[in-house]
Number of protein chains: 2
Amino acid sequence: MNTTTEAGPGPDAALGTRERIVRAASRLMQRQGYEGTGIKQISREAGATLGSVYHFFPGGKQELAAEAIRHGDQEFTDILRAALDGTDDPAEAIAACAGTVAEALRASDWVDGCPVTATSIGTAERAPDIQRAAAEAFARWRGLVEEKLRAAGFGEESAYELAHTVISTLEGAELAAQLARDEAPLLIAGRHLARLIDSYR
Amino acid sequence: MNTTTEAGPGPDAALGTRERIVRAASRLMQRQGYEGTGIKQISREAGATLGSVYHFFPGGKQELAAEAIRHGDQEFTDILRAALDGTDDPAEAIAACAGTVAEALRASDWVDGCPVTATSIGTAERAPDIQRAAAEAFARWRGLVEEKLRAAGFGEESAYELAHTVISTLEGAELAAQLARDEAPLLIAGRHLARLIDSYR
DNA sequence: CACGCTCTAGAACGAACGCTCTATCCGATA
DNA sequence: TATCGGATAGAGCGTTCGTTCTAGAGCGTG
C-alpha cells in the first residue's frame, strides 16, 4: 500500500512516499551535490526505507537524481513564471526575479543554491541522464524568458540571445552570491540585465 | 629526496611531486567535483603515492582541494589578464575572454568547466576552507576587471558593479555552454557584456 | 661512517558507499 | 476468507572511501 497520509512529524509527511523521496533528494543534492549525497541519507531524511527508494527508482541513484533535477526545474520554473507574469515589462520582471532568488538564498543562510546546477555539476562523464535533465531545465527557463520578450515586441534574434544571457547571468550571479554570502551580485545582475534588455527597445 | 626530475612519461613528469599532485587534483576535481574525486585517484594520476600526498598535505583532502582551487584561480587569472592586456577597450577584452573560454571548453569536449566552481560547489556546509579559497578567486577576478574599467575611465561605482556582472555572467555562461555542449551561450554573453559596458560610456 | 631529515612506499583500518536480496505487511479483489 | 501484488523493511554484499601507520630510500652534514 502507498501511505499517502503519513502520521510522522516530517515537513512533507502528508505526501506520498515517492514524492517525499524526490523532495529529500532534491534538497540534499542542492546542498551537497550528487556525489556528496548518499542514498541512505536520502531515505532517512525522507522517512522512507532503502527498499522503498529502490522500489520507486529501480535505476538507482542516477534515476533518482534525474528526477530530483526535474523537481528543481519545476521549482524555478514556478518562480520565473510568477515573476514574468507579475508585470508587462520583461526588464522589470527579470530584476524582480533576481530579487526573489536573492531573498531565498539569504533565507537559507546561503546554503540553497540552484538545485539543478549543484546536482548536475561534475557528473558529465559518468551520468549523461543527469546532464540531459539539467540541460532541459536550462532550455525551458530560457524558452520562458524568450517567449516573454517576444510577446513584449522584441525581435526574434534579440529575444533568443537576451534569453540566453538572462539565464546565464542569473545562474552565475546566484553562484557568486552564494560564495560571497552576499546578495549584491544578484541584485546588481538584475539591474544590469534590465538595462541590457532596455537597450534593445 | 625530492624527485624534481622524473623519468616517467606523464605530462607533468618534469615537475616536482607536490606540483604534480596539485595539478592532478585540480584537473580531476574540475571534471568530477570534490566528492567525486578520490585521494587515491589523485595520487595515481599524479604518479605519486598516498604517502607523498599526506606528506605534502597533512590537512588531507580539504587542504589539497583548497590548493587545487588556488591553482585554478591562477590559471583563469592568467587567461583574464592576457585578455585584458590585449586591448585598451575593456568591452572588447571581455568579449575576447569569453571567446577564449569557449574555445578551451570545446577543445576539452565540454568536460573542463571552471575548476573553482566545480571543486567548491556542494562543500558549503562541510569545508569552509574550500569556500573561502573559491570566494577569494572570484574576488580577485572581479578586482582585475574593475581595475581595467577604472583605468579606461569608468566611474568608481560603475566599474565595481560592471565587474561583478562580468564575472557572474562569464561563470554562468560557461556552465550553460557546458551543459548544452554548445559555445553559443558564452559567445552571446561576451557580446552582451561588451554592449552593457559600452552603455556606461 | 653515522646520523638526521625529507620524501617515497603501500599495507591496513574502520566507516560509508550503492545496491541486492529475502521477508513481511496490508488493502484490494475474487 | 484466500489470494495477490504494490509497498515497506532492513540485513548484508563487495567495494571504495579518507586516513593512519610503519618501514625504508636517498641525500647532506658532522
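Below, all heavy atoms of this structure are taken into account, side chains as well, without hydrogens, waters or symmetry copies. Every chain is numbered from 1 and lettered A, B, ... according to where its sequence line falls, protein lines coming before strand lines.
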How long is the line joining [atom1] of [X] and [atom2] of [N], in whole Å?
| X | N | atom1 | atom2 | answer |
| --- | --- | --- | --- | --- |
| B/Q32 | D/dT16 | CD | P | 14 Å |
| A/E63 | C/dG18 | CD | P | 15 Å |
| B/R18 | C/dT8 | CZ | P | 12 Å |
| B/H55 | C/dT6 | NE2 | P | 7 Å |
| B/F57 | D/dT20 | CZ | P | 16 Å |
| B/R20 | C/dC7 | CZ | P | 13 Å |

Side-chain N,O (A/T49) to OP1/OP2 (D/dA7) below 4.0 Å: no
Under 4.0 angstrom between A/S52 side-chain N/O and D/dT8 OP1 or OP2: yes
Separation of [Y] [atom2] from [X] [atom1] (nearest 0.5 Å):
| X | Y | atom1 | atom2 | answer |
| --- | --- | --- | --- | --- |
| B/I94 | B/I167 | CD1 | CD1 | 6.5 Å |
| A/T119 | A/H71 | OG1 | NE2 | 10.5 Å |
| B/R140 | B/D73 | CZ | CG | 4.5 Å |

Presence of salt bridge, B/R191 and A/E161, under 4.0 angstrom: yes
A/D88, CG atom: more than 12 neighbouring heavy atoms under 6.0 Å: no
Test: B/R195 cationic atom under 6.0 Å from A/Y200 six-membered ring centre, within 45° of axis: yes
Close N or O pairs between protein and nucleotides 17-19 of chain D (under 3.5 Å):
unit_1: D/dG18; atom_1: OP1; unit_2: B/T37; atom_2: O; d: 3.2
unit_1: D/dG18; atom_1: OP1; unit_2: B/K61; atom_2: NZ; d: 2.6
unit_1: D/dG18; atom_1: OP2; unit_2: B/I39; atom_2: N; d: 2.9
unit_1: D/dG18; atom_1: O6; unit_2: B/K40; atom_2: NZ; d: 3.2
unit_1: D/dT19; atom_1: OP2; unit_2: B/Y54; atom_2: OH; d: 2.9
unit_1: D/dT19; atom_1: OP2; unit_2: B/K61; atom_2: N; d: 2.9
unit_1: D/dT19; atom_1: O5'; unit_2: B/Y54; atom_2: OH; d: 3.3

